[in-house]
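Below is one structure; the comments refer to it alone.
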Amino acid sequence: MNNQKCSTLYQKPGGRTRIIQCIYVVGFMDLFGVSMIIPLLSHHVKALGASPTVAGVVGSTYGILQLFSSTIVGSWSDVVGRRYSLLTCLLLSALGYGLLGMSSSIALFVLARIPVGLFKHSLSICRALLSDLVSEAERPLVMGHFNAASSVGFILGPVVGGYLTEHEGGFYTSSFTCAVIFLANAGLVLMLPWSETLIHRKDTNSNNDTSKGCHDSNCRKSVLNGSHANSHRPVSPAKTEPGSRVAPHWREVSLLQPAWRQLSSVGSKIHTVASSDMWDLFLVRLLMAIAIMLYYSNFSLAMEERFSLTPKVTGYLISYSSTLGALAGFLVGPVTQLYGNNMAALLLHSTLLTCLLIFLYAAAPSVAQVLVSSTFFAISTSIGRTCITDLELQRGGVQASGTLIGAGQSVTAVGRVLAPLLSGLAQEFSPCGPPQSGSAVSAGSCRSAARQDPQMGRQGEDEEESKR
């Protein structure tokens with residue numbers, strides 16, 4: 001193995017393939033169960049006697065908890081391992097949905113949302129696990145397939161939930177069904193072939209004078225827990241060219257370490273992300289999240305006011321767009337290969353395309369143009385989300401993929417808070433106000449995305465130098 005770099009993660013092919021396929025199933029079932037509940041929550045809160053204001057406050061509980069818990073739980077998964085963190089999240093989420101099925105008062109409803117808001121991070125941990133299992137070149141393809149599987153579950157879930165709601169006690173039945181689905185997912189994760197896996201880490205100390213290669217004693221470890229617990233010797237970053245970005249320095253601890261050591265490691269990882277140079281990527285994620293949410297914020301109302309479409313026809317249009325978004329996950333791999341795995345350039349082009357499509361939707365004179373823009377919008381946003389996640393993992397390294405993905409989810413949660421406020425203000429002026437605002441916001445993200453492309457960055461530096 002000397003004079004070679006280990007790939008990011010390798011394992012026995014049979015065990016790796018089975019784990020990846022099972023994680024696809026977990027992602028599908030996760031969003032299938034959740035999407036059975038989401039359309040019914042507001043109706044159930046009102047049925048419990050909540051006023052619109054109280055319903056709004058109760059509805060925001062989940063988003064606020066997710067905002068603060070995403071990064072913490074993601075970092076904790078780096079510390080104790082994917083297996084135990086994923087099992088914990090699935091079981092506590094099942095508890096929350098089970099309590100939701102027994103909620104006969106506002107207080108019990110809020111109590112049921114607390115464990116879900118704190119621990120419904122199973123999809124983030126699944127993405128971190130997938131990034132552990134595959135090489136950097138394979139990652140966009142696998143992530144795209146996982147997003148596609150999850151999206152299919154999100155499309156089918158409301159159909160089943162709506163059917164169950166037509167019967168007496170339909171909400172409670174849907175909630176208990178969702179809880180059973182999460183318990184089944186926990187059982188599936190428990191049975192994954194963790195013990196068959198041998199992981200090799202990319203040798204970041206390959207420039208060491210005594211060892212230029214990757215030695216088994218430093219790279220290989222068992223993943224009975226799916227943990228990144230390595231030797232306690234810190235991993236030092238490799239030498240880099242002047243001006244290039246250096247991956248953050250991560251500390252790692254084992255599952256067997258005491259709780260205070262785990263908390264210390266979680267805090268250290270979060271501080272490393274907060275003090276890193278990844279904020280430009282987080283800015284792209286935030287602006288694109290706001291732009292996409294503005295696009296969808298008043299879609300049904302705008303279709304009715306602009307083109308006199310009935311809710312039924314608008315529903316078909318939304319379903320069409322959602323289906324394309326799911327299928328677009330299978331395009332990520334081929335498109336990435338077309339770009340030669342240049343994720344920065346792909347992110348820039350998908351962001352530019354998204355900005356253009358939002359503008360075309362806002363200015364669409366006919367339903368046909370809305371249909372065309374929706375078609376390509378679903379594809380561009382699906383590819384863009386995968387690009388941002390992949391660039392975050394490239395920049396930060398797989399040693400803390402849970403922290404990085406969790407931080408990205410926290411940034412997206414901020415967008416969920418800001419987008420409704422901006423949408424409400426924009427609708428005061430025009431039904432086209434939200435998408436017009438989204439087009440402006442996405443234009444700002446294009447500038448930030450351009451900085452991720454090394455070629456564009458060098459051109460910008462040359463232009464500044466020539467002006468001087």
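One-based numbering along the sequence shown. These numbers come from the heavy atoms of this one structure, side chains and all, not from hydrogens, waters or symmetry mates.
When only modelled atom types and interatomic distance are considered, Ser442 and Thr354 share no side-chain donor-acceptor pair under 3.5 Å. Donor-acceptor pairing under 3.5 Å is recorded for the side chains of Asp390 and Gln394. Side chains of His44 and Ser103: a donor on one and an acceptor on the other come within 3.5 Å. Side-chain contact of Glu138 with Ser135: a donor-acceptor pair under 3.5 Å is present, judged by distance alone. In this model, no donor atom of one side chain and acceptor atom of the other lie less than 3.5 Å apart for Thr17 and Gln21. Side-chain contact, Arg82 with Ser77: a donor N or O sits under 3.5 Å from an acceptor N or O.
Proximity of Thr314 to Ile318: side-chain heavy atoms (C-beta onward) are separated by under 4.5 Å at one or more points. Using a 4.5 Å heavy-atom cutoff, the side chains of Phe146 and Cys126 are in contact. Side-chain contact between His145 and Ile20 is absent, with no heavy atoms from C-beta onward closer than 4.5 Å.
The salt bridge (Lys or Arg N to Asp or Glu O under 4.0 Å) contacts involving residues 412-429 comprise nothing, where partners must be two or more places apart or lie in separate chains. Listed by first then second residue, pairs satisfying side-chain hydrogen bond (donor to acceptor under 3.5 Å, both in side chains) with a partner in residues 112-126 read Asp30-Lys120, Asp30-Ser122, Ser69-His121, not counting sequence neighbours.
In this view, Phe282 and Trp279 satisfy the ring-ring contact (aromatic ring centres under 6.0 Å, His included) rule, not counting sequence neighbours.
With hydrogens and angles disregarded, no donor-acceptor distance shorter than 3.5 Å links the side chain of Ser382 to the backbone of Ala378. Panel note: side chain Asn147, backbone Gly329; no donor-acceptor pair is recorded below 3.5 Å. Between the side chain of Ser423 and the main chain of Ala419, no donor-acceptor pair closer than 3.5 Å is present. Not a single donor-acceptor pair under 3.5 Å links the side chain of Gln409 to the backbone N or O of Ser70. Put simply, the side chain of Ser439 never gets that close to the backbone of Pro435: no donor and acceptor are under 3.5 Å apart. Thr389 places a side-chain N or O within 3.5 Å of a backbone atom of Arg385 that can act as its donor or acceptor partner. Panel note: side chain Thr351, backbone Leu347; a donor-acceptor pair is recorded below 3.5 Å. Checked by atom type and distance alone, the side chain of Thr61 pairs as donor or acceptor with a backbone atom of Val58 at under 3.5 Å.
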Derivation of the side-chain hydrogen bond (donor to acceptor under 3.5 Å, both in side chains) call for Asn341 and Thr336: CA-CA 5 Å; Asn341 287 323; Thr336 302; 5.3 Å; no
Derivation and outcome, side-chain contact (heavy atoms from CB on, under 4.5 Å), residues Thr177 and Ile181: CA-CA 6 Å; Thr177 302; Ile181 288 174; 4.3 Å; yes
Verdict with supporting geometry, His349 and Tyr339, ring-ring contact (aromatic ring centres under 6.0 Å, His included): CA-CA 11 Å; His349 295 162; Tyr339 274 76; 5.5 Å; yes
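Remark: Arg127 is not positioned above the aromatic ring of Tyr24, lacking an NZ or CZ atom under 6.0 angstrom from the ring centre and at most 45 degrees off the axis.
The 12-atom threshold is not exceeded at CZ of Phe376, counting heavy atoms of other residues, nucleotides or ligands nearer than 6.0 Å. Around CZ of Phe154, the count of heavy atoms belonging to other residues, nucleotides or ligands within 6.0 Å does not exceed 12. Heavy atoms of other residues, nucleotides or ligands lying less than 6.0 angstrom from CZ of Phe307 number more than 12. More than 12 heavy atoms of other residues, nucleotides or ligands shown are found within 6.0 angstrom of OH on Tyr296.
Relative orientation of the Phe377 and Tyr295 rings is parallel, given thresholds of 30° and 60° on the angle between their planes.
With respect to Cys446, the side chain to side chain contact (heavy atoms under 4.5 Å, CB included) criterion is satisfied by exactly one of Leu352, Leu287, Val284: Leu352.
Atom CG in Leu183 sits 11.5 Å away from atom CZ in Phe176 (nearest 0.5 Å).
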